[in-house]
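Whatever order the structure lists ligands and atoms in, that order sets their numbers, starting from 1. Values reported hereafter were calculated over all heavy atoms of this structure, with side chains retained and with hydrogens, waters and symmetry mates removed.
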Amino acid sequence: MGRKKFVVGNWKMNGSIEENQSLFDGLLSAKGIESVDIAVCVPSPYFFQARGALSGTAISWGAQNVSEQDSGAYTGEISAKMLVDLGAEIGLVGHSERRSMFGESSGLVGKKAMKLIEFGISPVVCVGETLEHRKSKKTLEVMSSQLKAVIDQIGLENLGNIVLAYEPVWAIGTGLTASPEQAQEVHSHLRQQVRLLDVEASRELRILYGGSVKPDNAEALFGQEDVDGGLIGGASLNLIDFLTICRAAVNATTH
Ligand code: PEP
């Protein structure tokens, strides 16, 4: 059996009780998207709303960040234990906005991923190169090193517990998108790196593409052999656009 496509919305610091509810209601009543996995990563003040609306449904929800610590004097942080208490199923780690704005290193990203795994939550580990890396043909090297730093923390035994998201930094929120061929090249490289360590895990690993995925480019991206879905920022805030992207994942599965 092939890998089931996965579409994850990253709402970032957006939303209101009213807007969220209409997105939740729209996602829950949508038809024809049952064959793909769908999740939304909501801002922490709305975890309770997500739990109320989505628990026990086909739509999962999760966090956009987590502390690498268990508990204690870490003002403003959110622990994996709290997430599991609330019923979160996934957590983003290593989003490029966290890396660039909050100085998160790949080692820290790996620690956060491990903390989620410890609590039974699937980390969606984001990796991606800057435009400078791409221009200087360092993309694959940077991908290997960001991935290795995470594997060093989680260990080979947890390779089967993560989802990867390739998010070229130059494509996030910019309207620029990697071409399907550029995405496939990096996804295939990432899978190959995992294959060198664990063949079975590499076959099952889902690698999402993120970076200005829109209704008009989603199907071509998701149609690539090693692209197992998407991490969607801006377009996940618009119900019609997000559902169109989810349906693109359905179509890419069936073709
Ligand atoms: C993201 O935030 O992960 C992302 C890919 O954003 P956008 O789709 O807006 O580029």
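- No salt bridge links Glu132 with Lys135; every basic N to acidic carboxylate O contact stays at or beyond 4.0 Å.
- From the protein, the heavy atom lying nearest to atom 1 (C) of ligand 1 is His95 NE2, 3.2 Å.
- Tested against His187, the residues Leu221, Ile207, Leu205 include a single side-chain contact (heavy atoms from CB on, under 4.5 Å) partner, Ile207.
- Side-chain contact between Glu129 and Tyr166 is present, with heavy atoms from C-beta onward closer than 4.5 Å.
- Contacts of Ala235 with ligand 1, taken as heavy-atom pairs under 4.0 Å, are absent altogether.
- Shown in contact with Gly211 at under 4.0 Å from a heavy atom are these atoms of ligand 1, numbered in order with element: 5 (C), 10 (O).
- Remark: distances from the non-hydrogen atoms of Ala171 to ligand 1 include one below 4.0 Å.
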Let's go through Leu83 and Leu116 carefully: what are the C-alpha distance in whole Å and the side-chain angles of both, what is the deciding distance for side-chain contact (heavy atoms from CB on, under 4.5 Å) to 0.1 Å, and is it a yes or a no?
CA-CA 9 Å; Leu83 293 180; Leu116 288 174; 4.0 Å; yes
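- Nearest protein neighbour of atom 8 (O) of ligand 1, counting heavy atoms only, is Gly233 N, 2.9 Å.
- Here is the list of ligand 1 atoms found below 4.0 Å of a heavy atom in Leu231: 3 (O), 5 (C).
- Comment: Asp70 engages Lys115 in a salt bridge, judged by a side-chain N to carboxylate O separation of less than 4.0 angstrom.
- A salt bridge is defined here as a Lys NZ or Arg NE, NH1 or NH2 lying under 4.0 Å from an Asp or Glu carboxylate O, and Asp152 with Lys148 meets this definition.
- In the vicinity of Ser212, heavy-atom distances shorter than 4.0 Å reach the ligand 1 atoms 7 (P), 8 (O), 10 (O).
- Glu167 OE2, 3.0 Å is the protein heavy atom nearest to atom 5 (C) of ligand 1.
- Close contacts between ligand 1 and Gly173 involve ligand atoms 7 (P), 9 (O), 10 (O) [criterion: under 4.0 Å to a heavy atom].
- Only the side chain of Asn10 comes within contact range of ligand 1, with a heavy atom under 4.0 Å; no backbone atom does.
- The distance from ligand 1 to the heavy atoms of Gly234 drops below 4.0 Å at these ligand atoms: 7 (P), 8 (O), 9 (O).
- Atom CD of Glu18 has 12 or fewer neighbouring heavy atoms from other residues, nucleotides or ligands inside a 6.0 Å radius.
- The closest side-chain donor-acceptor pair between Gln184 and Glu225, if any, does not fall under 3.5 angstrom.
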